[in-house]
Each structure stands twice: as C-alpha cells, then as structure tokens.
Amino acid sequence: MKFNEKLISLRKSMGLSQEELGAELKVSRQTISKWESGGSLR
C-alpha cells in the first residue's frame, strides 16, 4: 500500500476531513490533498 492510499484509509477510518487532519498535523488542507493525490511525494 502506497503512502497516499494509507493516508486516505487512515483519515477516513478516523472520520476526519482533510481540513480536520490538516489542523491536527499543523498543515493546510491543500497539503493533505496533495499528499493524498500523490502530487508532492517523489
């Protein structure tokens, strides 16, 4: 399982939105979205 797939799965299993997870991790919702789409991981 790739990082982005695991992140999506864990976030959803915790019932968190991207915005809520971002607040917990002190990053923006846009950052979470990029991580989940695999856009910023190389």
Side-chain angles (χ1 to χ4, degrees):
M1 182 180 279
K2 294 180 183 178
F3 173 78
N4 62 322
E5 294 167 345
K6 189 164 195 133
L7 180 62
I8 293 166
S9 176
L10 288 171
R11 176 179 64 79
K12 288 184 178 182
S13 73
M14 296 174 70
L16 296 174
S17 67
Q18 289 181 340
E19 191 159 342
E20 290 168 328
L21 180 59
E24 290 289 324
L25 298 177
K26 309 272 192 282
V27 298
S28 70
R29 181 204 55 79
Q30 291 85 353
T31 297
I32 300 298
S33 178
K34 283 181 187 176
W35 289 349
E36 287 186 352
S37 69
S40 64
L41 299 173
R42 299 283 168 182

Checklist entry - How long is the span from the CG atom in L21 to the CG atom in L10, to the nearest 0.5 Å? => result 9.5 Å
Item to check | Those residues that, when tested against S33, pass side-chain hydrogen bond (donor to acceptor under 3.5 Å, both in side chains) (two or more places apart) | outcome: none
Next on the checklist: Checking K26 now: which residues fulfil side-chain contact (heavy atoms from CB on, under 4.5 Å) with it, not counting sequence neighbours?
Outcome noted: none
Next on the checklist: Other residues, nucleotides and ligands only: do more than 12 of their heavy atoms fall within 6.0 Å of CD on E24?
Outcome noted: no
Checklist entry - Is the backbone of L16 close enough, under 3.5 Å, to the side chain of R11 for a donor and an acceptor to pair up by distance? => result yes
Checklist entry - In chain order, what residues pass the side-chain contact (heavy atoms from CB on, under 4.5 Å) check against Q30, with sequence neighbours excluded? => result S28
Checklist entry - In chain order, what residues pass the side-chain contact (heavy atoms from CB on, under 4.5 Å) check against I8, with sequence neighbours excluded? => result K12, E36
Checklist entry - Which value, rounded to the nearest 0.5 Å, describes the distance between I32 atom CD1 and L25 atom CG? => result 5.0 Å
Checklist entry - So, for W35 and N4, which heavy atoms are closest and what is the spacing to 0.1 Å? => result O-CB, 3.1 Å
Checklist entry - What residues, two or more places apart in sequence or in another chain, satisfy side-chain contact (heavy atoms from CB on, under 4.5 Å) together with M1? => result E5, K6
